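Everything numeric in this text was worked out from a predicted model, so none of it was measured.
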Amino acid sequence: MSGEPTITLLARCLCGTHTFPTTLPVSSLPLKVSACHCISCRHVTGALRSSDAVWPGPASDIADALREFEAMQKKGEELPFFVDPATHKLLASQDCCASCRIWSGSEVYNWTFSLLRHISIAGADASEFPSSTAELRAAVEGKDGKPRDPRFGTLTFYASSPDVQRYHCGRCSASVFYAVDSRPSMVDIAVGVLNSPDGARAESVLSWAFGEAFSWKQDMEGTWREGILHAVERDLEQWRIERGYPKNWHRVAREKAAREKAAQAEQK
């Protein structure tokens with residue numbers, strides 16, 4: 001309503017590196033707040049509980065990306081491998097690779113994926129974000145006589161392989177991106193750093209392949225961790241069935257391809 005009083009809310013981390021402002025009408029206050037006592041919240045905060053409210057700011061960047069994927073389909077263009085062709089949600093994966101485990105301390109790591117053009121620096125236009133993994137590395141690293149881009153704050157990376165950059169916060173070590181030179185237009189995003197109003201799984205934007213074989217499971221097979229792998233796979237599938245959670249498109253496509261391959265083998 002025109003002329004209605006507004007207030008600006010500011011969310012920020014302790015060091016002030018990351019800040020998120022949004023303006024909303026005073027009439028929308030107070031925000032609904034919940035108190036969480038789960039083990040994860042207690043461990044990450046050090047407090048006996050954490051207080052949370054759904055962030056009232058806009059989600060326009062996500063919506064713009066979804067509209068872009070819809071437009072690509074209408075033109076007959078192929079969608080990125082990580083985009084659900086029906087919902088346009090992004091694939092969320094279970095990763096068992098040894099490098100991710102050692103880097104994070106978690107046997108099973110969760111990644112999602114994004115085109116770099118759909119990522120923006122807080123308070124800036126998306127076009128200002130590097131358009132390739134090489135540009136992202138140069139901006140964060142500073143090289144060839146060019147200074148480091150100060151807008152990236154504490155973001156830094158560790159080159160776990162000559163062609164791989166694992167981006168994290170240089171202050172608190174939080175994992176952020178996984179980039180590889182062979183995929184110059186996209187990065188993997190650590191799901192755990194997403195702040196979604198619908199919870200840790202961010203199901204409004206992510207499509208989870210529950211029950212699908214984990215990626216890089218060969219790094220755990222034949223080791224004492226193999227039991228963990230099979231237990232998590234089994235429990236996730238049971239949880240999916242009990243909840244009535246449908247198989248996601250990625251799993252359906254893989255299972256169809258496996259059946260067709262088996263049928264062809266029988267015909268030979």
Non-hydrogen atoms of [X] and [Y] that approach each other most closely:
X: A179; Y: T133; result: CB-CG2, 3.9 Å
X: V191; Y: A200; result: CG1-O, 4.0 Å
X: T156; Y: V140; result: CA-CG1, 3.7 Å
X: P85; Y: L79; result: CA-CD1, 3.8 Å
X: A202; Y: L194; result: CB-CD1, 4.5 Å
X: L116; Y: L136; result: CD2-CD2, 4.4 Å

Check step by step if salt bridge (charged side-chain N to carboxylate O under 4.0 Å, His left out) holds for E237 and R251.
CA-CA 12 Å; E237 176 65 357; R251 177 179 177 181; 2.7 Å; yes
Mind jotting down which residue pairs meet the ring-ring contact (aromatic ring centres under 6.0 Å, His included) criterion with at least one end in residues 249-268? Sequence neighbours excluded, please.
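Every pair satisfying ring-ring contact (aromatic ring centres under 6.0 Å, His included) with a residue in residues 249-268: there are none.
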Does anything in residues 194-227 pair up under ring-ring contact (aromatic ring centres under 6.0 Å, His included), and if so which pairs, sequence neighbours excluded?
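The answer is W208-F210, F210-W239, F210-Y245.
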Could you tell me whether a side-chain N or O of [X] sits under 3.5 Å from a main-chain N or O of [Y], the two making a donor and an acceptor?
X: S93; Y: D95; result: no
X: S161; Y: D163; result: no
X: R137; Y: G142; result: no
X: T112; Y: L91; result: yes

Determine whether E107 and M220 satisfy the following criterion, side chain to side chain contact (heavy atoms under 4.5 Å, CB included), listing intermediate values before the conclusion.
CA-CA 9 Å; E107 277 83 2; M220 292 179 70; 4.2 Å; yes
Passes salt bridge (charged side-chain N to carboxylate O under 4.0 Å, His left out), E212 versus K247? Steps please.
CA-CA 9 Å; E212 186 177 14; K247 294 181 181 180; over 6 Å; no
Step by step, would you call D181 with Q165 a side chain to side chain contact (heavy atoms under 4.5 Å, CB included)?
CA-CA 9 Å; D181 294 348; Q165 303 88 47; 3.2 Å; yes
Mind checking whether [X] and [Y] have side chains closer than 4.5 Å, heavy atoms only?
X: M72; Y: V83; value: no
X: P246; Y: R240; value: no
X: I7; Y: L29; value: yes

If you round to the nearest 0.5 Å, how far is [atom2] of [Y] from [atom1] of [X]?
X: E70; Y: T87; atom1: CD; atom2: OG1; value: 11.5 Å
X: L229; Y: C96; atom1: CG; atom2: SG; value: 5.0 Å
X: S173; Y: H168; atom1: OG; atom2: NE2; value: 7.0 Å
X: L206; Y: F82; atom1: CG; atom2: CZ; value: 11.5 Å
X: R183; Y: F81; atom1: CZ; atom2: CZ; value: 5.0 Å
X: S185; Y: L115; atom1: OG; atom2: CG; value: 5.5 Å

Does the side chain to side chain donor-acceptor pair (under 3.5 Å) test come out yes or no for S99 and S160, once each step is laid out?
CA-CA 8 Å; S99 294; S160 57; 5.6 Å; no
Looking only at the side chains, is there a donor atom on one of [X] and [Y] sitting less than 3.5 Å from an acceptor on the other?
X: E4; Y: S27; answer: yes
X: Q73; Y: H88; answer: yes
X: E242; Y: Q238; answer: yes

Walk me through it: do V187 and I119 pass the test side chain to side chain contact (heavy atoms under 4.5 Å, CB included)?
CA-CA 10 Å; V187 290; I119 302 175; 3.8 Å; yes
Does D198 form a side chain to side chain donor-acceptor pair (under 3.5 Å) with S204? I'd like the steps, not just the answer.
CA-CA 7 Å; D198 56 340; S204 61; 3.2 Å; yes
Heavy atoms from other residues, nucleotides or ligands near CD of E78 exceed 12 (cutoff 6.0 Å):
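No, because the 6.0 Å sphere around CD of E78 holds 12 heavy atoms or fewer from other groups.
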Taking the six-membered ring for Trp, are Y158 and Y167 closer than 6.0 Å centroid to centroid?
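Ring centroids of Y158 and Y167 are no less than 6.0 Å from each other.
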Taking transitive links into account, so neighbours of neighbours count too, which hydrophobic residues share a cluster with I241 at under 4.5 Å side-chain distance?
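Joined to I241, directly or through intermediates: none.
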Co-members of V180 in a cluster of I, L, V, M, F, W and Y side chains, linked at under 4.5 Å
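Hydrophobic cluster check, V180: joined to W103, Y109, W111, V164, Y178.
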Does [X] belong to the same Ile/Leu/Val/Met/Phe/Trp/Tyr cluster as [Y], with side-chain heavy atoms less than 4.5 Å apart forming each link?
X: V176; Y: I102; result: no
X: L24; Y: V33; result: no
X: F113; Y: V193; result: yes

Under the criterion side chain to side chain contact (heavy atoms under 4.5 Å, CB included), I'd like the reasoning laid out for F69 against H118: C-alpha separation, chi angles, the key distance, then a yes or no.
CA-CA 11 Å; F69 295 141; H118 292 157; 3.6 Å; yes
Set of residues satisfying salt bridge (charged side-chain N to carboxylate O under 4.0 Å, His left out) with respect to R101, sequence neighbours excluded
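With sequence neighbours excluded, R101 shows a salt bridge (charged side-chain N to carboxylate O under 4.0 Å, His left out) to no residue whatsoever.
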How would you list, by chain and number, every residue that makes a side-chain hydrogen bond (donor to acceptor under 3.5 Å, both in side chains) with R243, sequence neighbours excluded?
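Partners of R243 under the side-chain hydrogen bond (donor to acceptor under 3.5 Å, both in side chains) test: E203.
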Look at E226 together with K217 and state whether they make a salt bridge at an N to O cut-off of under 4.0 Å.
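Looking at K217 together with E226, the answer is no, because their closest N to O distance does not fall below 4.0 Å.
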